[in-house]
Amino acid sequence: MKNNKLFIAIIAALVIGVVIGSIVHYYLPDYIQSVSTNIKLLGTIFIRLVQMIIAPLVFCTLVVGIAKMGDMSMVGRVGAKAMGWFITASFVSLSIGLLLVNWIKPGVGANFDLDNVTSDPDLMSKTDTLSLQSFVEHLIPKSVFEAFSTNEILQIVVFSVFFGIALASLGKKGKILIKMLDRTSNVVLKMVTYIMWTAPLGVLGAIASAVSLYGLSIFYTYAKYLLAFTLGLALLWVVLIGVGYLILGKRVWALLIAIKESLLIAFSTTSSEAVFPKLVENLSAFGCSPKIVSFTLPLGYSFNLDGSMMYLTFASIFIAQIYDVPMSLGDQVLMLLVLMVTSKGVAGVPRASLIVIVATCAMFGIPPEGIAFILPIDHFCDMGRSMTNVLGNALSTAAIDKFELNDTNQPVNTDV
């Protein structure tokens, strides 16, 4: 009942946010900037509350999970399964984006002024993050305190894995610390329950800010683009849920119900990170092993962003279509393969999808300043991307949990 109340409250906040944003944009034009900036603070407060508990939650749950595994071969086995899933899902997501943008061709015949394009210097300056050096820096922390303070999930995972393995090797000497971290994770999850009740305010602020700034007319301007992208997301959902059904059976529907609040919050706030703690709670309540959740989910947030992956090929080819840059099949396949690699090197980088698009365009002779054409609609596309990222990570975690149960011959929960 509490979950249903929260779900209804978020829906109501979503509608109210659209109404407030529309009133400001169309009837109070002099106040658009101030209202958009100030009301967005509601969303900022919610997201920062969530970010406050991500690092301790990842650390405590992952260390306890690994320490309780006992058999370190399980860590390697689960990690191999997770990376296999992530690589396959990335390839499928990129391919769907490539197919849809070539079929619908939203950039062909688009009436944009190509002579007066102002590039985003902030994005252009960050394209150097696409390098082996930056990937290693995002992978291995030089200071665990820096990783915690900046919520670098992948770095926290690396430290937690080493810490958990070392703690497990202590045997009885480490039991007191394991028990303490286990209790700490319970406290943090209780904090999640409290924080999630501020989600409706965060949703209202994020939506009202975006609509007041851009208005509803932007949907008409980018109708073809949004239609193609939405169709791509829908197809990706069908594929993901279909694979989930093959693995989980009818329980896949129970999983979707279990994560419905997380999906809605991610959609409304354009932040999949904002629902990480809630998703841990959802998957544990669904019946996934805490050991699998604590290990697989943080990895997924760095390597398994299905919605964002689909957007990379889609947006890159869209810009090429605007500038009428010919892209042969070979060029597009090469772009897909390049994106498979480069997209993995920006875990934790702000506006990562846009940075990858800018760098990819420059690499293939597409004017990178074309990113300006998708910036006005990027917020709304990010809503769908974030929700799809959450779905992909929930399904991958549940699927790997099922694989692990089968491999270890443990009884499988078949309740729907």
Side-chain angles (χ1 to χ4, degrees), residues 43-67 75 79 82-83 86 122-170 174 177-178 180-185 187-189 191-192 195 269-280 293-305 308 341-356 359 386 389 393:
T44 301
I45 290 171
F46 167 67
I47 291 175
R48 288 180 73 90
L49 282 172
V50 173
Q51 290 174 332
M52 173 181 71
I53 60 176
I54 286 177
L57 180 62
V58 171
F59 175 71
C60 292
T61 55
L62 185 50
V63 169
V64 172
I66 291 175
V75 177
M83 293 310 298
F86 300 160
D122 184 49
L123 286 177
M124 300 296 180
S125 65
K126 289 182 180 178
T127 55
D128 59 351
T129 56
L130 294 173
S131 65
L132 179 61
Q133 178 183 343
S134 67
F135 176 73
V136 172
E137 289 174 352
H138 281 293
L139 177 66
I140 304 173
K142 63 180 179 181
S143 166
V144 65
F145 299 105
E146 181 185 36
F148 271 64
S149 66
T150 55
N151 272 337
E152 289 278 4
I153 293 181
L154 190 54
Q155 294 183 2
I156 296 171
V157 169
V158 170
F159 175 78
S160 301
V161 168
F162 278 100
F163 194 95
I165 292 173
L167 184 59
S169 68
L170 294 178
L177 184 54
I178 294 172
M180 185 187 75
L181 290 174
D182 194 17
R183 295 290 183 270
T184 303
S185 66
V187 173
V188 176
L189 285 172
M191 292 173 65
V192 172
I195 290 172
T269 62
T270 70
S271 173
S272 52
E273 185 185 60
V275 299
F276 177 86
K278 182 67 173 176
L279 200 55
V280 171
V293 174
S294 63
F295 185 72
T296 307
L297 199 57
L299 279 180
Y301 264 71
S302 296
F303 294 109
N304 189 43
L305 304 177
S308 297
V341 178
T342 57
S343 61
K344 304 306 181 189
V346 292
V349 178
R351 305 175 81 184
S353 296
L354 296 178
I355 294 169
V356 174
S386 298
N389 292 342
N393 280 314

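A quick note: this is a predicted structure, and the numbers were derived from the prediction, not measured.
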Kindly give the heavy-atom pair with the smallest separation between [X] and [Y], and that separation in Å.
| X | Y | value |
| --- | --- | --- |
| Ala147 | Pro141 | CB-CB, 4.1 Å |
| Ser185 | Leu57 | O-CD1, 4.5 Å |
| Val64 | Asp182 | CG2-N, 3.6 Å |
| Ile66 | Ala168 | O-CB, 4.5 Å |
| Leu167 | Ala67 | CD2-CB, 4.4 Å |
| Pro56 | Val188 | CB-CG2, 4.5 Å |

Item to check | Check: Tyr301 side chain, Asn393 main-chain N or O, donor-acceptor pair, under 3.5 Å | outcome: no
Checklist outcome for this item: Sorted by chain and residue number, the side chain to side chain donor-acceptor pair (under 3.5 Å) partners of Ser308 (sequence neighbours excluded) come out as Asn389
Next on the checklist: Using the side chain to side chain donor-acceptor pair (under 3.5 Å) criterion, which residues pair with Asn151? Sequence neighbours excluded.
Outcome noted: none
Next on the checklist: I'd like to check the side chain to side chain contact (heavy atoms under 4.5 Å, CB included) partners of Thr296; sequence neighbours left out, ordered by chain and number.
Outcome noted: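 With sequence neighbours excluded, Thr296 shows a side chain to side chain contact (heavy atoms under 4.5 Å, CB included) to Val78, Ala82, Phe86, Ile292, Thr397, Ile400, given in chain and number order.
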Give every donor-acceptor pair under 3.5 Å between a side-chain atom in residues 45-53 and any protein atom, sequence neighbours left out.
from	atom 1	to	atom 2	distance (Å)
Gln51	NE2	Glu273	OE1	3.0

Checklist entry - With sequence neighbours excluded, what pairs up with Phe295 under the ring pair (Phe, Tyr, Trp, His ring centres under 6.0 Å) test? => result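 Residues passing ring pair (Phe, Tyr, Trp, His ring centres under 6.0 Å) with Phe295: none at all.
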Next on the checklist: Applying ring pair (Phe, Tyr, Trp, His ring centres under 6.0 Å), can you list everything that pairs with Phe163, at least two apart in sequence or on another chain?
Outcome noted: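 With sequence neighbours excluded, Phe163 shows a ring pair (Phe, Tyr, Trp, His ring centres under 6.0 Å) to Phe59, Phe159, given in chain and number order.
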Nearest 0.5 Å, please: how far is [atom2] in [Y] from [atom1] in [X]?
| X | Y | atom1 | atom2 | result |
| --- | --- | --- | --- | --- |
| Ser160 | Ile165 | OG | CD1 | 11.0 Å |
| Thr61 | Leu297 | OG1 | CG | 9.0 Å |
| Met191 | Leu189 | CE | CG | 10.5 Å |

